[in-house]
2 protein chains.
Amino acid sequence: MKTADPELMRAINRFHVLDTIRRAGSISRVEIGERTQLSATTISAITAALLDDELITPHHEGGLRSDSNGNRGRPRVMLTLNASAARVVGAKIATNRLVFVVTDFQGDILAHLTLPVRVDRLPLPVVADLVEDGVRRCVLDAGLALADIHTVALAVPGVVEHGSGRVRSSPVFRDVDVPLATYIAERLGIATIAESDANAMAMAQHWFGRARDCDDFVLVSMEEGLGLGVMHGGQLFRGARELSLDLGHMMMGVSTVQSERLSDIASERAILDGEHADLRLREAMRVGRGMNHVQRLLAEGDDGFTATASRAGEALGIAIANLVGLFAPPRVILVGSSLALGRSLLDPLQASFERALSAPLREVSQIIIDEAGDELWARGAAAVALSELYGSPWSTTGPALRSTL
Amino acid sequence: MKTADPELMRAINRFHVLDTIRRAGSISRVEIGERTQLSATTISAITAALLDDELITPHHEGGLRSDSNGNRGRPRVMLTLNASAARVVGAKIATNRLVFVVTDFQGDILAHLTLPVRVDRLPLPVVADLVEDGVRRCVLDAGLALADIHTVALAVPGVVEHGSGRVRSSPVFRDVDVPLATYIAERLGIATIAESDANAMAMAQHWFGRARDCDDFVLVSMEEGLGLGVMHGGQLFRGARELSLDLGHMMMGVSTVQSERLSDIASERAILDGEHADLRLREAMRVGRGMNHVQRLLAEGDDGFTATASRAGEALGIAIANLVGLFAPPRVILVGSSLALGRSLLDPLQASFERALSAPLREVSQIIIDEAGDELWARGAAAVALSELYGSPWSTTGPALRSTL
DNA sequence: ACTGATTAGTCCTGATTACAAATTAATTAG
DNA sequence: CTAATTAATTTGTAATCAGGACTAATCAGT
C-alpha cells in the first residue's frame with residue numbers, strides 16, 4: 001500500500017516537470033505550468049532544484065517569443081535538459097545480433113555498435129561475455145569511460161521479471177530463471193536493469209517513435225518470439241509480480257486438441273521453418289539471415305511463403321484484436337523483423353483484425369506498422385533506464401539522482 | 001495529468017484509513033498505523049476528522065486486549081465504521097431477474113428484493129421503470145425514505161463506460177450506447193452509477209468474498225454473457241476510456257474461417273441453445289429458468305449437454321489461461337449461473353486451463369469457483385458506490401482541528 | 001491506597017512540499 | 001523616462017512526517 005507523503009508528492013511532480021522538459025526539448029517555466037497544471041511557485045522550486053543538480057540548463061536567448069505575447073513583458077527563460085547530466089547504455093539482445101547504444105541524458109545516441117553474432121540458447125556466462133565486451137567497446141567508441149555510465153539496460157526477448165532483473169525464459173538462454181541483471185552488474189560494476197525487448201521498444205516508441213503523443217497503446221514485436229508491451233497511462237503495464245508480457249504463449253483455438261500456441265503459428269521461426277523452407281533458407285536462418293533471404297525470395301517472386309505468412313497474419317490479427325478488447329488502446333504498433341514478409345503477412349493480419357474486433361472499438365483503434373531500425377530497440381532500453389533515472393515515482397527501484405551531489 | 005497536491009495526499013490517506021477500518025471491522029489507532037505505515041500524528045488527525053464527520057465511532061469497551069500487550073498500559077480505543085453514516089442501493093440487472101439491496105455504510109445488507117422478471121433487449125424507459133420501482137420498494141422495505149439514499153449503483157451485463165454511466169452494449173437493452181446512469185439519476189433524483197456486473201462482482205469478492213486478502217485477481221462471470229473484471233493493485237482495472245471488459249468478444253481460433261467468438265461457444269445461451277435443447281428447455285429459457293432446468297436434467301442423468309458443456313469449458317479454460325498470461329493474477333474467481341452445469345463444464349475448463357497456461361505461471365495461479373448468491377451481485381454494486389463514497393471529499397474542508405485553538 | 005511501569009493517544013516544534021497572493025524583475029510601448 | 005505587461009521569485013497557509021514532551025488510563029507490586 002502506497003503511503004502518500006510529501007516525498008512522493010515531490011517525486012511525482014519532479015518527474016512530471018522533467019518529463020515535460022524532455023518532451024518539449026526547450027520550454028519556459030510558464031509553459032511547463034500550463035502543461036502540468038502545477039503552480040508557478042512549484043515550477044520555480046522544482047526547476048531551481050533541477051538547475052542546482054545540473055540536470056537542466058537555462059537558455060536566455062530570446063529567439064522566437066511565444067505567439068500569444070506580443071513580444072511584451074519579461075522574456076521567458078527557456079530550459080532544456082542537460083544532455084551530459086548522465087549517460088546510459090542500452091542493449092538489445094536478439095538471437096542473431098547484439099545491438100548497443102550509449103545515450104546521453106536526453107536519450108540521444110552518442111555511439112552505437114552492432115555485433116552480428118548468434119546468441120541462441122547459450123549459458124549465462126557466454127552471453128554475459130558478449131554483452132560485457134559490447135558494452136565496453138561501445139562506451140569506448142563514445143569517448144567515455146565505464147565510470148561515466150550510470151546504468152546499463154538490457155532488452156531481452158522472452159519473459160523478464162523487471163524488479164529482480166531475472167529472465168524467466170528466453171530464446172537466448174539455455175536455462176530458465178537466469179539472474180541476468182545482477183550477474184552483469186557485478187561484472188561491469190554498474191547498476192543494470194533487465195527488461196523485455198517489447199517493453200523496451202514500447203518505451204522507445206513512446207519517447208522517440210510513433211507514440212510520442214499517446215499515453216495508451218499496445219506494442220507487438222514480431223521477431224523470433226512474439227513480444228507484447230502495453231503502455232497504460234504513460235506507464236508500462238506490468239502484471240502482478242512485474243512479469244513482462246509475452247504474446248507467444250497465447251493459445252489460439254477453441255479446444256485443447258485443435259489449439260496451438262501463437263508462437264507456433266506466427267513467430268519468425270514458425271514461419272521460416274514451414275514446409276517451404278529450402279536448404280539455402282535453413283542455412284541463412286542458422287546464421288541469422290533468415291528474413292533477408294526471405295525478402296530476396298519475395299523479390300524474386302517466390303510465393304512459397306504466402307500460405308504460411310497468411311496463416312500467421314490471420315492468427316496475429318485475431319490475437320491483437322483480443323488484446324484491444326482488453327486494453328482498449330487507441331493505437332497498436334507492430335514492429336520486428338517479421339515485417340519483412342510484407343503484405344503477405346500484413347494484409348491478412350489487418351483483415352482478420354478488423355473482422356475480429358468488436359464493434360464499439362472498430363473505429364477507434366488503429367494499427368501502425370513501424371519498420372524500426374536496430375538502434376531503436378537499444379535506445380528503448382536506454383529510455384527504460386533514463387525513465388527510472390528521472391525518478392518515476394511508481395517504479396519499485398527508483399533511486400534518485402540527487403545522491404550524486 | 002494528475003497533479004499531486006496536499007489535498008490529494010489527504011484524500012489518499014483518508015481513504016486508506018477508512019478502508020483499513022472497514023476491513024478490520026474494529027481497530028485501534030496504533031494498529032491502523034501499523035497497517036498503513038502512516039505516522040501516529042496523521043492517524044490522529046484523520047481519525048479526529050472522521051469522528052467529527054461521524055463516519056466512524058469509538059468503542060471504549062476494553063474487551064480482549066491485544067495479545068502482544070500483557071494487558072498493561074492505556075487500553076486502546078477501538079474504532080468502527082458508523083454504519084448509519086450513509087446508505088446506498090445496489091442493483092444487479094440480469095436478463096432474467098432484477099436484484100436490489102440497500103446497504104449501510106459498511107456494506108451490510110439492510111433489505112433485499114428480487115424481481116424475477118425478464119429484461120431482454122428492452123428500451124431504456126421500460127428497464128428504467130422496473131429499476132425505479134425496485135429501488136423504491138427496496139428502500140421502503142429497509143424502513144428508509146429515498147432521501148436517505150446517497151447513491152444508487154447499477155450492475156449491468158455487457159460493456160459499460162463507468163465514467164459517463166453509459167451502457168455501450170448489453171443483452172438487457174435493445175439499443176446501444178444507452179445513457180443509463182443519467183436517466184435513472186433524473187428519475188430518482190439520486191446520484192447514480194453504472195458499472196459492469198463483472199466489475200461489481202469483482203468488488204464484492206474483494207470486499208466480502210473470496211478475495212478479501214488479495215489485491216490482484218481476475219473475475220470471470222459466466223452468465224448470459226461472459227464478463228470480466230480485473231482487480232489490479234486493489235483497484236478495478238479499466239482500459240483506456242474506462243470501458244469495462246468483456247470476455248465474450250474474445251475470438252477463439254487461428255483463422256477467420258475457423259474462429260468463433262467465445263460468447264458463441266461458452267455463454268449460457270450458447271450452451272442451452274445447443275442441438276440438445278428440447279422444447280421444455282426452450283420454454284424454461286424464455287422465462288429465465290434455463291439453468292434450473294438444466295440442473296434437473298443433470299440430476300436425472302441426462303448427459304445431452306455433456307458435449308456442449310465440455311466444449312464450452314475447454315474454450316473458457318483457454319481464454320482464462322490467456323488472461324492469466326497477461327495479468328499474472330494469483331487468483332482467478334469464477335462466478336455466474338453457468339456454474340450450475342457442474343463438473344461437465346468445470347472439469348474440462350480446469351484441464352484445458354492447466355494445459356494452456358504457460359509454465360512459469362502454472363503453480364502460482366489458482367482457480368476458485370464461487371457459487372455466489374444473487375445478493376452478492378447487488379452488494380458488489382453497492383460496494384462500488386461505497387468505495388467512491390470513501391474517497392469523496394464528504395466534509396466541507398479538511399479537518400485539522402488544530403486551527404480551532 | 002499509593003507508587004511506578006507501561007502503553008495509547010495528543011500536542012508541539014521543525015523540516016518538507018504543495019498552493020495562492022503579493023512582490024520583484026525584465027522587457028517593450030508610448 | 002514612465003507605464004504597462006509578462007516572467008519568475010518571495011511570502012504566508014495547509015498538509016505530511018519525525019521526534020519529543022505530555023496527558024490518559026490501566027496493571028503490578030508494596
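Since this is a predicted model, take the numbers as computed values, not measurements. Every chain is numbered from 1 and lettered A, B, ... according to where its sequence line falls, protein lines coming before strand lines.
- One can place CD1 of I46(A) at 9 Å from C1' of dA18(C), the figure rounded to the nearest angstrom.
- Atom-to-atom, CD of E34(B) to P of dG9(C) comes out at 11 Å; the value is rounded to the nearest Å.
- In this structure, the CD1 atom of I43(B) is 20 Å from the P atom of dT7(C), given to the nearest Å.
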Please list each protein N or O that sits under 3.5 Å from an N or O in nucleotides 20-23 of chain C, with the distance.
{"residue": "dA20(C)", "atom": "N7", "partner": "T41(A)", "partner atom": "OG1", "Å": "3.4"}
{"residue": "dA20(C)", "atom": "N6", "partner": "T41(A)", "partner atom": "OG1", "Å": "3.2"}
{"residue": "dA21(C)", "atom": "N6", "partner": "T41(A)", "partner atom": "OG1", "Å": "3.3"}

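- Nucleotide dA7(D) holds its C1' atom 9 Å from the CZ atom of R29(A), rounded to whole Å.
- For I193(B) against H162(B), the heavy-atom pair with the smallest separation is CG2-CE1, 3.6 Å.
- Checking the phosphate oxygens (OP1, OP2) of dT17(C), no side-chain nitrogen or oxygen of R14(A) falls inside 4.0 Å.
- Side-chain atoms of R76(A) lie closest to dA8(D) of the nucleotides dA8(D), dT10(C), dA18(C).
- The distance from the CD atom of E195(B) to the CE atom of M203(B) is 9.0 Å, given to the nearest 0.5 Å.
- Taking the ring pair (Phe, Tyr, Trp, His ring centres under 6.0 Å) definition, one finds that F237(B) meets it with H232(A), F237(A), F327(A), F327(B), sequence neighbours left out.
- Rounded to whole angstrom, the span from the CG atom of L38(A) across to the P atom of dA8(D) amounts to 15 Å.
- For the pair R212(B) and W207(B), the cation-pi test (distance below 6.0 Å, angle within 45°) is failed.
- Distance M9(A) CE to dT16(D) C1': 7 Å, rounded to the nearest Å.
- Note: CD1 (I27(A)) to P (dA8(D)) measures 11 Å, nearest angstrom.
- Rounded to a whole Å, the NE2 atom of H59(B) is 18 Å from the C1' atom of dA8(C).
- Taken to the nearest 0.5 Å, the CD1 atom of I21(A) stands 7.0 Å off from the OG1 atom of T47(A).
- Contact annotation: N13(A) side-chain N/O to dT17(C) OP1/OP2 distance is not under 4.0 Å.
- Between R10(A) and dA18(C), a side-chain N or O to OP1/OP2 separation shorter than 4.0 Å is absent.
- Closest to the side chain of P75(A), from the set dT27(C), dG9(C), dA8(D), is dT27(C).
- Within the model, atoms CG of N13(B) and CD1 of I43(B) stand 8.0 Å from one another, a figure rounded to the nearest 0.5 Å.
- Residue L389(B) holds its CG atom at 4.5 Å from NE2 of H150(B), rounded to the nearest 0.5 Å.
- Remark on DNA chain D: of its neighbouring residues P6(A) and S44(A), the 5'-side contact belongs to S44(A), judged by nearest-heavy-atom nucleotide.
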